[in-house]
2 protein chains.
Amino acid sequence: MQAVIEALRDHFRVDHLVYHWVDSAGDQYGCGTYSDDWRDRYIEQNYVRLDPVIIGCYSRFHPVDWKRLDWSGKAVRAFQAEAIEYGVGNQGYSIPIRGPNGQFALFTASHNCDDQAWTVFIEKNRRDLLLIAHEFNRKALEFEPDRAPEVARQLSPREIDAMTLLAMGYNRAQVADSLSISEHTLRVYIESARAKLGAMNTTHAVARALSRGLIVV
Amino acid sequence: MQAVIEALRDHFRVDHLVYHWVDSAGDQYGCGTYSDDWRDRYIEQNYVRLDPVIIGCYSRFHPVDWKRLDWSGKAVRAFQAEAIEYGVGNQGYSIPIRGPNGQFALFTASHNCDDQAWTVFIEKNRRDLLLIAHEFNRKALEFEPDRAPEVARQLSPREIDAMTLLAMGYNRAQVADSLSISEHTLRVYIESARAKLGAMNTTHAVARALSRGLIVV
DNA sequence: CCGCCCCCCGCTATTTTTGGGGAGTGGAAA
DNA sequence: TTTCCACTCCCCAAAAATAGCGGGGGGCGG
């Protein structure tokens with residue numbers, strides 16, 4: 001994969017191309033053309049929690065130019081300065097890629113140039129980048145099958161109802177009332193949902209159901 | 001949008017193109033070239049809970065040929081027969097599109113032909129279909145901005161830590177221990193996060209933090 | 001400088017949730 | 001047909017979360 005991404009970088013004539021996987025446990029995996037120093041630094045400092053590219057793409061539908069992200073905040077600006085120092089370009093374009101169970105990856109192109117040149121580049125290449133991002137993601141999953149086939153046991157309709165209402169802030173009594181069942185029955189649903197999700201408590205179960213896309217609030 | 005999708009259908013020379021948004025709350029929205037009768041029937045019967053295209057794409061990363069879905073089960077086969085009766089093609093290719101918070105849409109091409117012809121068609125057009133699916137989804141969201149997620153007030157770093165660990169399933173004692181603060185202090189963070197998020201309880205706060213992308217678990 | 005927010009700590013009392021049990025129905029799949 | 005699984009209901013004791021009160025120190029921007 002490393003050779004592929006380097007070839008793609010040369011093809012697009014950008015400074016960097018990076019594929020970066022972030023999973024629900026906070027594990028990271030990726031390959032790309034950033035320097036090893038920067039990658040190590042990034043992981044060591046746990047920048048994934050700070051990086052506006054991650055944060056921004058996580059709550060966005062569409063590919064995004066880094067210029068449109070929120071770079072305010074002292075820590076963020078320090079991070080940005082450090083990134084540029086380590087050779088990350090001042091421009092960037094990141095494509096969020098999502099899979100089942102909240103699986104999430106980014107495909108990023110980064111370069112050093114002025115705004116206008118970058119805009120032109122993106123306008124010209126965004127379609128190809130989108131296709132390649134998805135194709136690359138597919139290949140990456142083929143090579144790392146462990147990441148994909150996380151057993152996504154479906155919740156039963158009643159369990160979905162229960163989780164959804166809990167995620168909406170109702171307590172058990174209110175949820176039971178909404179569903180017109182006894183609180184005891186509701187508890188069985190919550191417990192079985194928790195078991196299916198491998199969660200330690202209700203909050204955990206709701207969090208997992210949300211990040212796996214099993215419920216929507 | 002309706003005119004656009006009809007033009008696209010004619011361009012690809014397939015029987016149907018459909019864009020179908022669905023979330024686990026059961027809300028649906030879409031446009032496409034299926035007959036109104038079938039659409040009404042589909043909604044009325046709540047087929048979204050049965051449809052192997054929905055179920056299958058929901059747990060899959062990549063676009064999928066309908067042939068590879070699981071059509072076993074009595075109700076499913078009845079559904080399939082009924083769909084064909086209403087004019088849906090015997091072949092189909094569906095592209096899952098995901099957004100933040102488990103938001104989920106499908107872009108589907110369907111046609112009546114034999115397996116081989118369909119395979120050739122897909123091989124030839126899958127790239128274009130992927131691009132168009134994403135582009136169409138973007139346009140659809142522009143017209144329906146309500147569906148896009150809201151951006152929200154930032155949490156403090158400590159609040160993010162607290163929410164994150166709670167979302168990972170730890171209880172307050174464990175979280176306090178992880179953060180090396182007293183449980184009483186932790187409680188203040190949780191409460192302030194809850195206030196900022198307008199949440200009724202901890203589970204609600206974690207759910208909101210997650211779905212607003214303020215924390216990543 | 002002052003106000004605001006972030007960071008940290010303490011107490012008590014009440015309400016809610018959780019973790020163990022157990023039991024019976026009906027429907028769908030193998 | 002038999003075996004699952006979803007769905008419904010029940011009890012009790014222990015643990016966890018919530019609501020209310022109080023305190024102090026530090027940094028940053030108007």
Side-chain angles (χ1 to χ4, degrees), chain A residues 50 72-78 151 153-209 214, chain B residues 46 49-50 52 55 70-80 152-207 214:
Chain A
L50 185 69
S72 63
K74 214 170 81 175
V76 170
R77 270 191 297 268
V151 262
R153 189 122 71 107
Q154 280 287 346
L155 298 179
S156 79
R158 237 28 189 166
E159 287 159 356
I160 290 176
D161 294 339
M163 289 292 110
T164 303
L165 290 166
L166 287 173
M168 287 170 19
Y170 298 114
N171 64 28
R172 290 204 307 205
Q174 292 170 315
V175 173
D177 200 51
S178 290
L179 299 178
S180 304
I181 58 176
S182 82
E183 205 176 319
H184 308 283
T185 303
L186 172 68
R187 225 190 52 196
V188 178
Y189 294 141
I190 298 174
E191 293 223 20
S192 66
R194 221 181 42 217
K196 286 181 182 176
L197 295 165
M200 300 159 86
N201 53 46
T202 302
T203 299
H204 195 194
V206 169
R208 288 204 155 171
L214 301 173
Chain B
N46 201 24
R49 297 243 185 252
L50 186 68
I55 311 275
D70 175 22
W71 295 92
S72 66
K74 212 169 81 178
V76 170
R77 270 190 297 270
F79 162 80
Q80 185 183 25
R153 196 166 156 202
Q154 274 294 344
L155 299 178
S156 82
R158 239 23 190 168
E159 287 160 354
I160 290 176
D161 293 339
M163 290 293 111
T164 302
L165 290 166
L166 288 171
M168 290 176 6
Y170 298 114
N171 63 29
R172 289 205 304 207
Q174 292 170 316
V175 173
D177 201 51
S178 291
L179 299 179
S180 305
I181 57 176
S182 80
E183 204 176 320
H184 305 98
T185 304
L186 173 68
R187 221 190 53 198
V188 177
Y189 294 142
I190 298 174
E191 294 217 14
S192 66
R194 221 178 45 211
K196 285 182 185 174
L197 295 166
M200 303 161 86
N201 54 44
T202 301
T203 299
H204 194 195
V206 169
L214 301 174

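Residue numbers begin at 1 in each chain, while the letters A, B, ... track the order of the sequences.
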Nearest-0.5 Å distance, [atom1] of residue [X] to [atom2] of residue [Y]:
{"X": "B:H184", "Y": "B:R172", "atom1": "NE2", "atom2": "CZ", "value": "9.0 Å"}
{"X": "B:N171", "Y": "A:H204", "atom1": "CG", "atom2": "NE2", "value": "12.0 Å"}
{"X": "A:D177", "Y": "A:Q174", "atom1": "CG", "atom2": "CD", "value": "8.5 Å"}

task: Would you mind classifying the nucleic acid contact of B:M200 as base, sugar-phosphate or nothing, using non-hydrogen atoms under 4.0 angstrom?
output: nothing
task: Using a 4.0 Å heavy-atom cut-off across all strands, classify A:S182 as base, sugar-phosphate, or nothing.
output: sugar-phosphate
To the nearest angstrom, how far is [X] atom [atom1] from [N] atom [atom2]?
{"X": "A:I190", "N": "D:dA17", "atom1": "CD1", "atom2": "P", "answer": "15 Å"}
{"X": "B:D161", "N": "C:dC8", "atom1": "CG", "atom2": "C1'", "answer": "14 Å"}
{"X": "A:Q174", "N": "D:dT18", "atom1": "CD", "atom2": "P", "answer": "13 Å"}
{"X": "B:L186", "N": "D:dT18", "atom1": "CG", "atom2": "P", "answer": "10 Å"}
{"X": "B:I181", "N": "C:dC7", "atom1": "CD1", "atom2": "P", "answer": "9 Å"}
{"X": "B:M163", "N": "C:dC6", "atom1": "CE", "atom2": "C1'", "answer": "15 Å"}
{"X": "A:E159", "N": "D:dC7", "atom1": "CD", "atom2": "C1'", "answer": "10 Å"}
{"X": "B:R77", "N": "C:dA29", "atom1": "CZ", "atom2": "P", "answer": "9 Å"}

statement: Picking from C:dG19, D:dT18, D:dC9, the nucleotide nearest the side-chain atoms of B:N201 would be D:dT18
- prompt: Which nucleotide in the list C:dC7, C:dC11, D:dC11 gets nearest to the side chain of B:R158?
  reply: C:dC7
Given DNA chain D, 5'-ward residue of the pair B:V188 and B:E191, judged by closest heavy atom: B:E191
message: I want to confirm an ordering. Mapping B:S156 and A:R187 to their closest nucleotides on DNA chain C, which one lands closer to the 5' end?
response: B:S156
OP1, OP2 of [N] versus side-chain N and O of [X]: anything below 4.0 Å?
{"X": "B:H184", "N": "C:dG10", "result": "yes"}
{"X": "A:K196", "N": "D:dA6", "result": "yes"}
{"X": "A:R172", "N": "C:dT18", "result": "yes"}
{"X": "B:T202", "N": "D:dT18", "result": "yes"}

message: For a quick check under 3.5 Å, do B:T203 and A:T202 share a side-chain donor-acceptor pair by atom type?
response: no
- prompt: Backbone N or O of B:S156 within a donor-acceptor pair of the B:E159 side chain at under 3.5 Å?
  reply: yes
